[in-house]
Amino acid sequence: MNKIHPTAIIHPTVKIGEGNFIGPYVVIEENVIIGNNNYFGPFCIIGDIGESINFFNSARKGVEIGDNNRFTKQVTIDSGTVLPTKIKNNTLWLKNAHAGHDVVANDFIQVRCNGIIGGHVELKENAKIFLNAIIHPRLVVPKSCIIGMGAVVVKKTELIENGVYIGSPARLLRINNI
Ligand SMILES: CC(C)(COP(=O)(O)OP(=O)(O)OC[C@H]1O[C@@H](n2cnc3c(N)ncnc32)[C@H](O)[C@@H]1OP(=O)(O)O)[C@@H](O)C(=O)NCCC(=O)NCCS
């Protein structure tokens, strides 16, 4: 069974599995598929049109969300324009985190408050984007990479697995061995 707050607005095409919580004022737009046991806190907006250059003409490929994901509040996950935007399993998105169109977020990634993930970015398993960090569109953030608070990852930033990055433009601080 799903718990859906009466103020949530859910497009009739949305497919929802079991055990999900959809909180107050959440908006879920067309072509969104949601698995099981996900939590959407107040004011999340899932599957609204991708903010690409062709904003008003962009295709709406929707969003696919797996299982056990938490979107605490005011998180925005935009619709894909080429393929669906994909949020896999066991991910965590804190207040005001944003995934642009066509993002792929793999298992166990975390995007903390105000983390901004540009369009077409792939976050590999266990990557962590800390407070207020920004990832340039179309980059791949490798496995277990940590992008420190306030960092700005630009096209030239060479990201490696387990790397911890800080600053603008982002630079390697250390390797995370934990
Ligand atoms: C990037 C981060 C993981 C590094 O942690 P750490 O390895 O323990 O680093 P330290 O605190 O020992 O700092 C090492 C150096 O990097 C600098 N530094 C650390 N984080 C920085 C950041 N985000 N931006 C710029 N410089 C930073 C420190 O000033 C210090 O500089 P110094 O050697 O010249 O004195 C951490 O600072 C960070 O950004 N944490 C964010 C936590 C977060 O977002 N939590 C979310 C809670 S909801």
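Read the numbers this way: they start at 1 and go in the same order the structure lists the ligands and their atoms.
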Please say whether [X] places an N or O atom under 3.5 Å from an N or O atom belonging to ligand 1.
X: L173; value: no
X: R112; value: yes
X: L131; value: yes

Heavy-atom nearest neighbour in the protein, as seen from [atom], with distance rounded to 0.1 Å:
atom: atom 5 (O) of ligand 1; result: R174 NH2, 4.0 Å
atom: atom 41 (C) of ligand 1; result: F130 CD1, 3.2 Å
atom: atom 17 (C) of ligand 1; result: I166 CD1, 4.0 Å
atom: atom 39 (O) of ligand 1; result: M149 N, 2.8 Å
atom: atom 2 (C) of ligand 1; result: V164 CG1, 4.4 Å

>> Check the orientation of F21 and Y39. Use parallel for under 30°, tilted for 30 to 60°, and perpendicular for over 60°.
In response: parallel
> Nearest heavy atom to atom 48 (S) of ligand 1: which of I129, L94, N176 does it belong to?
Replying inline: L94
>> Please determine whether the number of non-hydrogen atoms from other residues, nucleotides or ligands lying under 6.0 Å from atom NZ of K86 exceeds 12.
In response: yes
Spell out, as yes or no, whether a donor-acceptor pair under 3.5 Å connects the side chain of [X] to the backbone of [Y].
X: Y165; Y: E158; result: yes
X: N106; Y: L123; result: yes
X: N38; Y: N69; result: yes

Protein non-hydrogen atoms only, distance under 4.0 Å: does [atom] have such a neighbour?
atom: atom 13 (O) of ligand 1; value: no
atom: atom 21 (C) of ligand 1; value: yes
atom: atom 44 (O) of ligand 1; value: yes
atom: atom 7 (O) of ligand 1; value: yes
atom: atom 24 (N) of ligand 1; value: yes
atom: atom 30 (C) of ligand 1; value: no
atom: atom 34 (O) of ligand 1; value: no

> Is the shortest distance from a Lys or Arg side-chain nitrogen in D48 or R60 to a carboxylate oxygen in the other one below 4.0 Å?
Replying inline: yes
>> Tell me whether E122 is salt-bridged to K124, with the criterion being a basic N under 4.0 Å from an acidic carboxylate O.
In response: yes
> So how far is it from H136 NE2 to K155 NZ, rounded to the nearest 0.5 Å?
Replying inline: 5.0 Å
> Mind checking whether L94 and K73 have side chains closer than 4.5 Å, heavy atoms only?
Replying inline: no
> Is it the case that R112 places NZ or CZ above or below the six-membered ring of F130, under 6.0 angstrom from the centre and within 45 degrees of the axis?
Replying inline: no
